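Chain A is the first sequence line, chain B the second, and so forth, proteins listed ahead of strands; every chain is numbered from 1. Computed from a predicted model, the values in this text were never measured in an experiment.
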Amino acid sequence: MISETVKEEKKLKFGLFLGCNISFNRPDVEQAMRKIFPALGVEIDDLVGQSCCPTWGTMPSIDIVGWCAVAARNLCLGEEKGIDLMTACNSCYGSLNEARHKMLKNPEIMSKVNEILAKIGKKYEGKAKCRHVAWVLYKDVGLEKIKESIKYSLDGITVAVQPGCHFLWPSEVYPDKEEDPFNPKVLRELCEALGADAPYYTRLIDCCGMGALRSTDPEKSFILVREKLECIKEEIDADLIVTTCSSCLIQLDDAQEKLRKEGKINFSIPVLHYVQLLAICMGFDPQQVAGICVTPRDEIIKRILEGGKR
Amino acid sequence: MESGVSSVINLTEVAKREKEEFGKKVSELIIEFGAENLLACMQCGACASVCPLARVGFEWYNKKLIKAILIGMKEELLDDPTPWACVACNRCTEICPRQVAPFEVMFAMRRLMVEEFAIPTLAIEGIRSLYEHGHAVYMTGREARKKVGLPEKPPTTDSDEKALQDLRTILRNTKLAELGLIPME
C-alpha cells in the first residue's frame, strides 16, 4: 500500500525591511507586520543592521554605483540567510529593486559594487530581491488564507485604494507585476478579500505628491493630494483610504489635516496601510497596529469592530 | 565692434570656448551619469502626459528637460529645482515608446547638478543623516515606537554599531567622498 503523501506546505520566511519612515514615523505599521505575518504562517527575520534603502534624495542622486552599493549591503543581509526581503514602503521597494536591476543588467556596476562591499567582507550575488508585503500577501499567503484568518469583515464599507507609484512602475524592475500597471487590481482584490467594496475611481493611479515633490514645493504637492482626495470623496464617497505605501499613508493622512485647517476641504477620510487594516480585521489591538495618525481613525475602527463581527 | 559692421558670431570660436568652459557637452555628461538612451528621444511627449511634475507646473519636466539637454543648454538648468522635485515614480519609463527612461535623465541631471554644487540644502541634510545614523529620515524621539509597544530602537543601524560603521565604510568608498558634500570622518 502506498502511503498517502502529506501535502507539505512550503515554509515562508522573509527579511523584514523596515525603511526609515516606518521605523520612526509610523511604527504602528511595523507592529502590524510583526502581528499578521507570524499568524499567517510567514516567518520574519529582523535583518539586524539594515539601513536606509537608500532613498531617492540621497545616493541615487549622487552616483549609481554608490546607490547600488548601499542597496546591495541591505540585500546581502537577506542573501546571506538565503531569504528575500519584504517591505511595506514603496520607496524602499523601488530603490532596492531599481538598484538590483541595474546590477544584474550591467556587470560593470556589479563588479564595482562588489569591490566596495569587499571592504566590509561582503559580496552580493544578485540572488536576494525585495518583495512587497502586499504581493507576499496576494501571491504567497493567498486570498483564501486571508479570508479564513479574519475575525472582522468590512461588509458595507467602501475603500479607496492607493497602490502608490513604486508599487507599479517601472514594472520591468519588479519581481511581481500587475497585468496592466496602469490599471492595478491587486490592492482592490486584497481589500475585497476582507469584505470591502473597492471600486475604481478616476484618480486611482495618481501620485499623492509625497517625497521629493513635497520637500521641494509643498504648494504644488498639495495640488495633487487635494485633487486625489476630492475625487475619492466625490466619485466613491469612501469610508476609508487604504494604501500599500508608507509615504502615501503619511501624505494622505497628514496633508489632509493641513487642507482641512486651511479650509480647502471640509471632509475627513481615515487612512490605513493595508497591513494595518488586515491586522485590525484579524483582531489585533488597534492601538498597537494603527495607533498613530493625524486624521482620526477611531470611528471607522469602531465601526469595523462593532459591525463586522463574523 | 566697429560701427556699421553687423556682428558676426564666430561659431568655431564659440564651440572652442564652450569646450574649454564646460569640457564635455551636456548630453555626453547626462549619458555618462546614467541616461544611456537619451539620444533615442523623439520628443513625442508621452512622458509629459503622465508626469506629476508637468501637471502641477514645474518648468523643466521630463520632455522639456530632454530637449534642453539635447540643444546644449546647461547654465539655465542649474538653478532650477525641477529635477529635485521628481518623485522617481517612473510613469515616464513605463510609457516611453523608445526606452529613453526619462526618469534616468532627471536623475542624471541631479548628479550633474551635484557636481556643480547646485544641490538643495534638504538633500544634503538627508545625506548627512544617512551617513550619521544610517537613515535619511531619522528621529531622536521614540514616543511613537513606545506607544505601539515596540523597542525604542529598531533592528537597524540605529541599534547596530558595527553595521553603521560598515555603511560608513561603503559611503567613504563612493563618489560622495570625492565630492566633499558632508564631513565623513
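Between chain B and the options Gly121(A), Pro60(A), Gly57(A), the largest number of non-hydrogen pairs under 4.5 Å is found for Pro60(A). Comparing Arg26(A), Glu219(A), Lys102(A) by how many heavy-atom pairs each has under 4.5 Å with chain B, the most go to Lys102(A).
Of the atoms belonging to Val70(A), heavy atoms from both backbone and side chain fall under 4.5 Å from chain B. With a 4.5 Å cut-off on non-hydrogen atoms, Pro120(B) does not touch chain A at all. In this structure, the portion of Asp160(B) lying under 4.5 Å from any heavy atom of chain A is its side chain and not its backbone. In this structure, chain B has a heavy atom under 4.5 Å from the side chain of Leu117(A), while its backbone stays farther away. Only the side chain of Leu179(B) comes within contact range of chain A, judged by heavy atoms closer than 4.5 Å. Of the atoms belonging to Pro181(A), it is side-chain heavy atoms, and not backbone ones, that fall under 4.5 Å from chain B. Contact of Val114(B) with chain A is made through the side chain alone, with heavy-atom distances under 4.5 Å. Heavy atoms closer than 4.5 Å to chain B are found in both the backbone and the side chain of Ile62(A). Contacts of Thr216(A) with chain B are made by side-chain atoms alone, with heavy-atom separations under 4.5 Å and no backbone atom involved. The contact between Asn25(A) and chain B is made by backbone and side chain atoms together, counting heavy-atom distances below 4.5 Å. No part of Leu77(A) comes within reach of chain B, as not one of its non-hydrogen atoms sits under 4.5 angstrom from that chain.
For residues 221-231 of chain A, a heavy-atom distance under 4.5 Å to chain B picks out Ile223(A), Leu224(A), Glu227(A), given by residue number. For residues 124-132 of chain B, a heavy-atom distance under 4.5 Å to chain A picks out Gly126(B), Ile127(B), Leu130(B), given by residue number. Heavy-atom neighbours of chain A within the stretch residues 170-178 of chain B, taken at a separation under 4.5 angstrom, comprise Ile170(B), Leu171(B), Asn173(B), Thr174(B), Lys175(B), Leu176(B). Of all residues in residues 38-49 of chain B, none places a non-hydrogen atom less than 4.5 angstrom from a non-hydrogen atom of chain A.
For the 3.5 Å distance criterion, the side chains of Thr156(B) and Asp158(B) fail to qualify, holding no donor opposite an acceptor. Counted by atom type alone, Asp28(A) and Gln276(A) present one or more donor-acceptor pairs between their side chains at under 3.5 Å. Side chains of Thr157(B) and Gln50(A): no donor on one and acceptor on the other come within 3.5 Å.
Heavy-atom neighbours of Lys112(A) NZ from other residues, nucleotides or ligands within 6.0 Å: at or below the threshold of 12.
Nearest heavy atom pair, residue Thr55(A) against residue Ala136(B), reads CG2-CB, 3.7 Å.
For an aromatic pair to be called close, the ring centres must be under 6.0 Å apart, and Trp67(A) with Trp56(A) satisfies this. Aromatic ring centres of Phe182(A) and Trp169(A) lie closer together than 6.0 Å. Aromatic ring centroids of Tyr174(A) and Tyr93(A) lie under 6.0 Å apart.
By the 30° and 60° cut-offs, the orientation of the rings of Tyr138(B) relative to Phe24(A) is perpendicular.
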